[in-house]
Number of protein chains: 2
Amino acid sequence: MKILIIEDDPSLLESMTAALKKDGHVVETASDYPSAIDRLGVYAYDCALVDIMLPGGSGLDILGYIRENCRKTNVIIISAKDSLDDKVKGLELGADDYLPKPFHLAELSARIRSVYRRSRNDGDFTYRAGNVVLDPDTNKVTVDGKDLPLLKKEFDILAYFMQRPGHLVDKEVLAEAVWGDHIDQTDNFQFLYAQVKNLRKKLQESGADIELKAVYGFGYKLKV
Amino acid sequence: MKILIIEDDPSLLESMTAALKKDGHVVETASDYPSAIDRLGVYAYDCALVDIMLPGGSGLDILGYIRENCRKTNVIIISAKDSLDDKVKGLELGADDYLPKPFHLAELSARIRSVYRRSRNDGDFTYRAGNVVLDPDTNKVTVDGKDLPLLKKEFDILAYFMQRPGHLVDKEVLAEAVWGDHIDQTDNFQFLYAQVKNLRKKLQESGADIELKAVYGFGYKLKV
DNA sequence: CTTCAATTATCAGAATTTTCATAATATAAC
DNA sequence: GTTATATTATGAAAATTCTGATAATTGAAG
């Protein structure tokens, strides 16, 4: 992706640039309001990282400018810790994400990846089946709009099926996808059965209208 | 890799072939002793999967032939369940691995991958530091030749360091490597500290002469 | 329709991992 | 060298995942 970082702290700017270049992105930078507007007028960036506190103008103004003029540019707001106000304002003004300082570069990478995934699917990308919505970016599941908290394995299993609704999924394939390479010598799927059981229970109790059907001798299938 | 499968059951042969081709290998097959010997005389395979029960001669004879004539070909013996005798004989005759029937194709893939890794490092590949030896294929650690049982996370952490002895490893980098992408918003490394603590304890109690040194503000370093 | 073997489900307990509260230690500022 | 602050360590509790024993269900065979 082509990314513009708008940040006035030189050392932070440098490490962010290095990290994102390492991730394979094309990175440009601006350290103040006017040069940011300048760059935004020249290129169509896929994503802009905007620090709120900037010399010569608030980052929120830049956000406003981007939303007016660069429809396809995703914006991630960066701002001091605990500044909930910035967050609220930023998201109201149409930021795609919000990253409080201080943050880890790994976290930055993850947010960028998330923005990237979403941009490739124009907008907020989620999987839907019946009244269940699963968001792979935030790891959240809702049933009729209501949050359904799932444990990690349960979520991974459900996510796998919701990417292939109605499709028969072999037990081995599922195990490999969810548990990865720690599965070895597998003749025993108790760990899978246990997780399936708990997932089913939570789905049912939450009123979900989808169901994990066992297919004797093969695996499972998600039925709406 | 170029793989020769020597197996007389047609349906098993077919599914094995499909699975290994899907993994990107070049696969050839033989269903009996003479045609196996024939193929082995023509090509230098990276790996041969040899069923023990074959029409026209035992797979063990083929194993013997390969060990005599094809020095670089790895051999994985395949044989009926619980036939411990075959396993012992096979490994004595120089097989590289042993896979009891029935097996899962995922397991077969894993064994092949393991053979592949090992072949790329000519022979049994392990990491060593001081009196500690770590085998990434079998997930086993020994100290002065004595087994040191480690839990999964502990093993993963140690493995990461033993691949980079003496090298400073950043906490974030380590966390990402061992825990994968479930690490998000990480400002809190308690989970890491806890595992490091347990790993250190086991290393120390086992008499290992290596040590995980904390580097204030950054991470850890493995010191022999 | 029974019977049987194989597969899947369930529950509870065990093992592992993570979190919490708190202590110890390292670095920097004085 | 003290003091203050951030970082790392520790033990115990909590949460999660896995395992074992056992029950229920499925599909096939008689």
Which of the following nucleotides, D:dT17, C:dT7, C:dT19, is nearest to the side chain of A:Tyr216?
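Nearest to the side chain of A:Tyr216 among the choices is C:dT7.
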Per B:Ala194 side chain, nearest of listed nucleotides D:dA9, C:dT16, C:dT18
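Closest of the options to the side chain of B:Ala194: C:dT18.
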Take atom [atom1] of [X] and atom [atom2] of [N], then tell me their distance rounded to the nearest Å.
X	N	atom1	atom2	answer
B:Phe155	C:dT16	CZ	P	15 Å
A:Leu151	C:dT18	CG	C1'	13 Å
A:Arg200	C:dT8	CZ	P	10 Å
B:Phe189	C:dT18	CZ	P	13 Å
B:Lys153	D:dC18	NZ	P	10 Å
B:Leu192	C:dT19	CG	P	12 Å
A:Asn198	C:dT8	CG	C1'	15 Å
B:Lys152	C:dT18	NZ	C1'	13 Å

For A:Phe218 and A:Lys201, take the nucleotide of DNA chain C holding the closest heavy atom to each; which residue's nucleotide lies nearer the 5' end?
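First, find each residue's nearest nucleotide; the 5'-ward one identifies A:Phe218.
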Side-chain donor-acceptor contact under 3.5 Å, A:Asp32 with A:Ser35:
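Per modelled atom types, A:Asp32 and A:Ser35 side chains form a pair under 3.5 Å.
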Under 3.5 Å side-chain donor-acceptor pair for B:Arg128 and B:Thr126
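Per modelled atom types, B:Arg128 and B:Thr126 side chains form a pair under 3.5 Å.
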Shortest non-hydrogen contact from B:Val224 to B:Ala129?
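Answer, listing the atom of B:Val224 first, then B:Ala129: CG2-CB, 4.2 Å.
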Do you know the tightest heavy-atom contact between A:Arg111 and A:Tyr98?
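Closest approach of A:Arg111 to A:Tyr98, heavy atoms only: NH1-O, 2.7 Å.
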Can you see if the side chain of [X] gets near the phosphate of [N] - specifically, an N or O under 4.0 Å from OP1 or OP2?
X	N	value
B:Tyr193	D:dA9	no
A:Tyr220	C:dT7	no
A:Trp179	D:dT17	no

Checking B:Arg164 against B:Tyr160: charged group under 6.0 Å from the ring centre and within 45 degrees of the axis?
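Here B:Arg164 passes the 6.0 Å and 45° test against B:Tyr160.
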So [X], base contact, sugar-phosphate only, or nothing? Heavy-atom distance under 4.0 Å.
X	answer
B:Lys197	base
B:Lys171	sugar-phosphate
B:Gln195	base

For C:dT10, does the base pair up with any side-chain atom of A:Gln190 as donor and acceptor (N or O, under 3.5 Å, distance only)?
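Answer is yes: a donor-acceptor pair is held.
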